[in-house]
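Chain naming here is simple, since letters A, B, ... match the order of the sequence lines and numbering starts at 1 in each.
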There are 2 protein chains.
Amino acid sequence: MITLTEENYIKSIYQLGRYGTLTVSTNSIAEALETKASSVTDMVKKLAEKGYANYKRYQGVSLTPQGKKIAADVVRKHRLWEAFLVEKLNFTWDEVHDIAEQLEHIKSEKLINELDKLLDYPTHDPHGDPIPDKNGDIKKTDKTLLFNLAENTKGVCVGVKDTSSSFLKYLDKHKIALGSEITVVSREDFDDSMVIEINNLKMSISQTVANNLFVKEG
Amino acid sequence: MITLTEENYIKSIYQLGRYGTLTVSTNSIAEALETKASSVTDMVKKLAEKGYANYKRYQGVSLTPQGKKIAADVVRKHRLWEAFLVEKLNFTWDEVHDIAEQLEHIKSEKLINELDKLLDYPTHDPHGDPIPDKNGDIKKTDKTLLFNLAENTKGVCVGVKDTSSSFLKYLDKHKIALGSEITVVSREDFDDSMVIEINNLKMSISQTVANNLFVKEG
DNA sequence: ATATAAATTTAGGTTAGTCTAAAAATAGTT
DNA sequence: AACTATTTTTAGACTAACCTAAATTTATAT
Ligand SMILES: [Mn+2]
Ligand SMILES: [Mn+2]
Ligand SMILES: [Mn+2]
Ligand SMILES: [Mn+2]
């Protein structure tokens with residue numbers, strides 16, 4: 001039996017460590033989960049005992065294959081639920097995260113498989129993040145930050161890095177959505193802002209915005 | 001803030017006490033929640049402190065209006081989720097209860113209202129139990145146990161009392177479903193069994209079955 | 001290499017929810 | 001009314017998950 005809290009720790013280690021490939025520090029977990037480092041130490045010991053994590057004191061944590069599978073399942077559920085809320089229940093992409101944080105812990109194989117089927121086996125969630133398959137595998141796509149595009153190059157918006165409600169609403173307001181085609185018209189060295197063209201309109205965006213939008217080049 | 005555990009206790013008090021109208025004993029709650037009477041006493045004190053329950057030692061527990069509203073909301077969510085699983089995700093009526101036990105604790109007004117809309121505002125769950133409305137009100141229907149029907153009277157099956165998987169599967173096997181018309185052909189004094197006609201077939205059912213099927217007479 | 005700073009762990013406590021065993025109150029029976 | 005059985009409560013302990021404060025280890029900078 002795995003508890004909801006354990007699942008959240010494992011998920012954090014997974015996501016902070018690039019889908020379970022890197023070792024993660026105690027403090028980074030504490031920050032992600034809004035808890036204290038001492039609590040993290042306690043939990044990480046337990047996860048190691050249970051076979052979900054590799055841990056040597058002062059050396060950080062990583063996931064075992066078993067831990068990785070658990071994490072991928074939780075992330076799969078989180079993202080499928082987000083897709084469901086947007087596709088079937090009229091939620092907007094800035095409303096779904098907190099509810100998915102709750103729904104990701106519901107235990108039922110059939111439920112998640114039926115949800116997958118109902119949504120016609122989506123590969124990405126409403127924020128453009130990939131949905132792990134039943135085996136926990138993730139299809140890697142070659143996306144880059146808009147900030148990395150040179151002048152006079154084009155890209156299609158495929159995801160957001162910052163998924164905060166305020167950023168998503170900013171994008172909505174300016175009609176920037178997944179699938180939008182964006183051309184970098186010019187870049188400003190002074191403040192790293194850029195002028196882009198989208199929907200046949202030019203607009204200036206800050207460095208912060210450009211650093212939180214994923215595009216597929218070309 | 002109300003915890004998942006508190007919600008489960010409140011729901012039990014609600015259901016054992018006929019939708020919050022009766023006082024409930026410590027032992028009955030313990031049995032329903034598969035816990036010990038001493039744990040119930042502790043929790044019931046806390047619920048009283050928080051204003052959800054009325055409690056005097058040795059005298060049993062009842063719900064305050066506030067507690068009743070919380071209970072009705074949880075039951076509403078439980079039953080709407082059960083309906084969703086059957087209507088939209090291909091679950092059978094014997095598979096939904098345990099998952100609904102988890103889903104009933106998800107906190108989101110919008111989620112439950114959208115679910116309600118998606119299902120076109122159902123009044124009953126897959127077992128024939130009424131779904132409380134947003135205000136916590138329940139539409140009372142005049143149903144009776146099949147066991148109470150006299151010989152040569154008819155009824156329409158509108159619900160089950162026992163919602164165990166084994167009973168529901170028994171009903172499936174004999175093609176007894178909500179909406180089925182049932183005629184009591186004869187009753188046997190000896191063992192309280194009865195012969196019924198359903199789908200133009202006669203069959204004998206035990207007293208146990210007759211006492212767990214709700215029908216609407218006539 | 002030492003000193004200082006930052007990160008991490010340990011020690012000791014708290015709270016929610018549970019349990020067992022014993023005590024107290026209520027209900028049932030002669 | 002008195003005894004007995006049942007129900008309920010209290011007392012004391014346990015675990016999971018958290019915290020603060022102090023100790024320890026590792027990293028960084030002279
Ligand atoms: Mn999310
Ligand atoms: Mn997402
Ligand atoms: Mn149910
Ligand atoms: Mn039901």
Problem set entry | Whole-Å distance separating the CD atom of B/Glu49 from the P atom of C/dA16 | 11 Å
Exercise. Separation of A/Asp42 atom CG from D/dT15 atom P, in whole Å?
Worked result: 15 Å
Problem set entry | Nucleotide nearest A/Thr35 when distance is taken to its side chain, options D/dT20, D/dC18, C/dT20 | D/dC18
Exercise. Do A/His97 and A/His78 meet the criterion of a side-chain donor-acceptor pair at a distance under 3.5 Å?
Worked result: yes
Exercise. Does A/Glu6 or A/Ser38 map to a spot on DNA chain D nearer the 5' end, using the closest nucleotide for each?
Worked result: A/Glu6
Exercise. For B/Glu31 and D/dT6, what is the distance between atoms CD and C1' respectively, to the nearest whole Å?
Worked result: 15 Å
Exercise. A/Tyr9 side chain N/O closer than 4.0 Å to the phosphate oxygens (OP1, OP2) of D/dC18?
Worked result: yes
Exercise. Do A/Ser25 and A/Ser28 get their side chains close enough for a donor-acceptor pair, meaning under 3.5 Å?
Worked result: yes
For this session: Have a look at A/Leu85 and tell me which of A/Leu80, A/Ile99, A/Thr92 forms a side-chain contact (heavy atoms from CB on, under 4.5 Å) with it.
Result: A/Ile99
Problem set entry | Atom-pair distance (CD1 on B/Ile29; C1' on D/dT9), nearest Å | 14 Å
Exercise. With a 4.0 Å cut-off on heavy atoms, is B/Ser39 in touch with a base, just the backbone sugar-phosphate, or nothing at all?
Worked result: base
Problem set entry | Atom-pair distance (NZ on B/Lys36; C1' on D/dG12), nearest Å | 17 Å
Exercise. Can you check whether A/Lys45 has a side-chain N or O nearer than 4.0 Å to OP1 or OP2 of C/dT10?
Worked result: yes
Seminar exercise, completed: When rounded to whole Å, the CE to C1' distance for the pair B/Met43 and C/dT18 reads 10 Å
For this session: Quickly work out the A/Met1 CE to D/dA16 P distance and round it to whole Å.
Result: 12 Å
For this session: In whole angstrom, give the distance that lies between atom NZ of B/Lys56 and atom P of C/dA25.
Result: 17 Å
Exercise. Is the closest side-chain donor-acceptor distance between B/Trp81 and B/Asp125 under 3.5 Å?
Worked result: no
Problem set entry | Heavy-atom pair of closest approach, residues B/Leu145 and B/Lys161 | CD2-CD, 4.2 Å
Exercise. Is B/Arg187 reaching over with its side chain to a backbone N or O of B/Phe147, donor-acceptor style, under 3.5 angstrom?
Worked result: yes
Between N or O atoms, less than 3.5 Å apart, protein on one side and nucleotides 6-8 of chain C on the other: list the pairs.
unit_1, atom_1, unit_2, atom_2, d
C/dT8, OP2, A/Asn27, N, 2.9
C/dT8, OP2, A/Asn27, ND2, 3.3

Exercise. Hey, mind stepping through A/Tyr55 and A/Tyr9 against ring-ring contact (aromatic ring centres under 6.0 Å, His included) and telling me if it holds?
Worked result: CA-CA 14 Å; A/Tyr55 169 65; A/Tyr9 274 91; over 10 Å; no
